[in-house]
Amino acid sequence: MRQQTRGHERERVLHQALVVGLVMLFLILATSSPLQTASPEYQLVRLEFKHRSQLQKWVNSGLDVWHVEDQTALVAVSANQLLALESKGLAPQFVPRPAVASFPACYRTYDEMLDLVNVWKSQYPDLFHWHDVGDTWEKKQGQADHDLYVARLTSLRGPDDKPKLFIVAEHHARELITPETALYFIDDLLRNYGDDATITWLLDSREIWVMPMANPDGYTKAAQAENWRKNTHETDTCLRGAPPNSYGVDLNRNYGHEWGNDDGSSNDPCNLTYRGDAPFSEPETRALRDLIQAENFDLLISLHSWGDEVLFPWAYTWRPAPDAERLNALATRMVALNGYTAKQASGTGYLASGDTADWSYGELGIPSFTFEIGGMEDGFFWPPCDIKEQLYQEVRPALIYAALAADRPYQVAGGPEAHQLQLNVADSISIRAQVSDVWTGRDMIESAELFLGALADPGDGIALMPGDGECNYPSEWMAAELESSDYARFLGRRIPIFVVAKDSTGQRGVPAVAWLDLRDRGILNSQSIQLWMPGSDDPRFEIKGSYVYRGADVLMTLSDGRVYRGRGTTGALLYTVDGNRLRAGQNGPVLYSTRDDSIYEGTPEDGVLLYRVERDQVLYAVSLEDEVVLSANVDLAIDDMKLVRLLVATLIDGRY
Ligand code: 0X9
Ligand code: ZN
């Protein structure tokens, strides 16, 4: 628990606290509640409504509606509210309250978030950037020292001007799983950069901005086991009002698009959905507004809980947004793998005006979404420790999809994408992907393309073919077998590969990304090895990538273990490199190399020593034939760390 320091009126508050404390002690002793929260006691009830206007009236009046399902609302009510409802002839059905309505110990507090940030700063200085973008209400008052921070995650690689995804969590204080989800996502991206193909490519090609706590003042109250929703902007009426301690502005009603509608927000400072006295009256929403405007985000997600939903604008009206179809298509793809429901925000049953997504979409045109993480069975606003990571894992595919879609959200919205990308790297390399347009549209798959190394323009990739011979379904397995010429230039490297699919309406979905790992084949493109002949000042041979050069002439290729005379695989096959040995090909003498870096002519046992290789240098040993094959074991340092032992065969032939 953290203690808040209140600078002004400390004495008076202490006095009041003493009186309030005695009253509360009495109340706690008088009730048999296992909970000892400072927030007003509540009961959870189900209320049936006949028409949505009735539900809207409840929300507007300040009832704490947690969720709506069909014609039933799940509502947290105080004793007085319960009496008032019953007096109107309603019959609330009691629902067991959450087992853990407090702050689970495994949840990170504001200060613990800052500790974590220090670790990330030192471990990932090239990927993790932490920006202070404003103060909270309490900081402006000279109370708690809380800032609004945003993480910017991107690698040093890729273009300067990368598409940007913005994720903001915890407008609502008690929605504890949302900062956790944001922190898990940051950690996931940092930890898996370099290992996971999709994440590596995303940080190379995107900026992912994450604000884990948009309401640290409120969160600090929530961390004291309080059922707190709003920020902590104090107003005198509500400090003394009924219910007590109901002050604060609902930050998700304080944004400036259709702000002030009485349906969907309240002008009563004690109401749970109090919108503030003007749009952006709160420092938290002002900081967010300024950040969102300055950074020109391409896609925005506001994390809330709970409901197992991905919501898109509008929230303030029942009417659909101009881009409803494409927003729905994006939301539907985000939930494709996790069982959440995609719907318009007001489709949750009630209107909410002045929320983040309505503003960022309505005023700035950013495709914007509200996630409602978790469900009733997950502990309402207080998911227990043992499932919080699982809740993140459920949301993860949606966040990854959003990051993939950030470069052209509306264009990929209706397109098909691959949800499986499988590689088989053996003697040959084959690739299979299941591409689907079943999420919305259900158009036939028309084609799919494979890109190696980098995503290029449509049409420039390698065509994948339908496994069943024909593209005639909205979901197809597509496959390709690579030619060695497709990947020869990537030998010795691990590269990302991409599959992009197109449907019969011409829409292309997001790419699927995987690694193609050719690190144990050939040598690095960036590496070059030079071999000298004894007594010579100039290197006789130079080996780059999988090819052996002498000057500008290509002598042979090693790309597939075979040695050719002439250009690449179009030359005449001379030898086959087999493990540590050279075997005869169509032409040439039989020569053997051994592990002591010596080259023999004849059998390994009784061959005649021809050459010895030391540190890339070919040392003359016995005799110089007119035409011999040398092999050298060359140590290459890769990434400063690993040593690769490489068999390099070179041809010394006076005719070249
Ligand atoms: O009411 C809200 O601000 C959000 N729900 S929450 O339980 N996290 O507080 C968003 C509600 C979605 N919008 C509408 N119902 N219109
Ligand atoms: Zn919320």
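As the structure is a prediction and not an experimental result, all values here were calculated from the model. Remember, it's 1-based here, ligands and their atoms both numbered in the order they're listed. Computed from heavy atoms alone, side chains included, the values below leave out hydrogens, waters and symmetry copies.
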Legend entry - Close N or O approach (Glu175, ligand 1; < 3.5 Å): yes
Inset, instruction - Please say whether Thr348 places an N or O atom under 3.5 Å from an N or O atom belonging to ligand 1. - result: yes
Legend entry - Validation row, ring centre Tyr247 to ring centre Trp228 under 6.0 Å: yes
Legend entry - Residues Glu207, Lys162: salt bridge by 4.0 Å N-O rule: no
Inset, instruction - Using a strict 4.0 Å cut-off to heavy atoms of Ser346, name the atoms of ligand 1 that fall inside it. - result: 16 (N)
Inset, instruction - Just let me know how His67 lines up against ligand 1, side chain, backbone, both or neither, with a heavy-atom cut-off below 4.0 Å. - result: neither
Inset, instruction - Report the residue from Asp132, Val168, Thr136 that forms a side chain to side chain contact (heavy atoms under 4.5 Å, CB included) with Leu148. - result: Thr136
Inset, instruction - Pick one of side chain, backbone, both or neither for how Glu372 approaches ligand 1, counting any non-hydrogen atom pair under 4.0 Å. - result: side chain
Legend entry - Within-shell test, His171 vs ligand 1, heavy atom, strictly < 4.0 Å: no
Inset, instruction - Please step through ring pair (Phe, Tyr, Trp, His ring centres under 6.0 Å) for the pair His257 and Trp314, ending with a clear verdict. - result: CA-CA 10 Å; His257 187 77; Trp314 304 114; 5.0 Å; yes
Inset, instruction - Could you find the nearest protein heavy atom to atom 12 (C) of ligand 1 and give me its residue, atom name and distance? - result: Leu311 CD1, 3.6 Å
Inset, instruction - Kindly indicate whether a cation-pi arrangement holds for Arg286 with Phe280, taking the cut-offs as under 6.0 Å to the six-membered ring centre and within 45° of the axis. - result: no
Inset, instruction - Would you check the N or O atoms of Asp355, main chain and side chain alike, for any that come under 3.5 Å of an N or O of ligand 1? - result: no
Inset, instruction - Identify the heavy atoms of Ala405 and Leu330 that sit nearest to each other, and give their distance. - result: CB-CD2, 4.2 Å
Inset, instruction - Look at His304 and state whether any of its N, O or S atoms is less than 2.8 Å from the Zn ion (ligand 2). - result: yes
Legend entry - NZ/NE/NH1/NH2 to OD/OE distance under 4.0 Å, Arg396 and Asp188: yes
Inset, instruction - Give yes or no for whether the N/O distance cutoff of 3.5 Å, strictly under, is met between Leu351 and ligand 1. - result: no
Inset, instruction - Output the list of atoms in ligand 1 that are nearer than 4.0 Å to some heavy atom of Ala315, sorted by atom number. - result: 13 (N), 16 (N)
Inset, instruction - Give the residue and atom name of whichever protein heavy atom lies nearest to atom 9 (O) of ligand 1, and the separation in Å to one decimal. - result: Arg229 NH1, 2.6 Å
Inset, instruction - Give yes or no for whether the N/O distance cutoff of 3.5 Å, strictly under, is met between Trp66 and ligand 1. - result: no
Inset, instruction - Report yes if Asp250 has an N/O atom closer than 3.5 Å to an N/O atom of ligand 1; otherwise report no. - result: no
Legend entry - the Zn ion (ligand 2) reached by Glu175 (N, O or S, under 2.8 Å): yes
Legend entry - Basic-acidic side-chain contact under 4.0 Å: Lys230, Asp217: no
Inset, instruction - Consider every N or O of Phe381 and every N or O of ligand 1, then say whether any pair is closer than 3.5 Å. - result: no
Inset, instruction - Tell me whether the centres of the aromatic rings in His419 and Trp439 are closer together than 6.0 Å. - result: yes
Legend entry - Side-chain heavy atoms of Ile167 within contact of Met211, under 4.5 Å: no
Inset, instruction - Measure centre to centre between the rings of Phe49 and Tyr350, then say whether the value is under 6.0 Å. - result: no
Inset, instruction - Around atom 11 (C) of ligand 1, find the nearest protein heavy atom and jot down its residue, atom name and distance. - result: Tyr350 OH, 3.4 Å
Legend entry - ligand 1 contacted by Ser305 (non-hydrogen, < 4.0 Å): yes
Inset, instruction - Measure from the Zn ion (ligand 2) to every N/O/S atom of His172 and report the name of the nearest one. - result: ND1
Inset, instruction - Validate the cation-pi geometry between Arg191 and Trp120: distance from NZ or CZ to the six-membered ring centre under 6.0 Å, angle to the ring axis within 45°. - result: no
Inset, instruction - Find all atoms of ligand 1 within a distance of less than 4.0 Å from any non-hydrogen atom belonging to His304, and give their numbers and elements. - result: 8 (N)
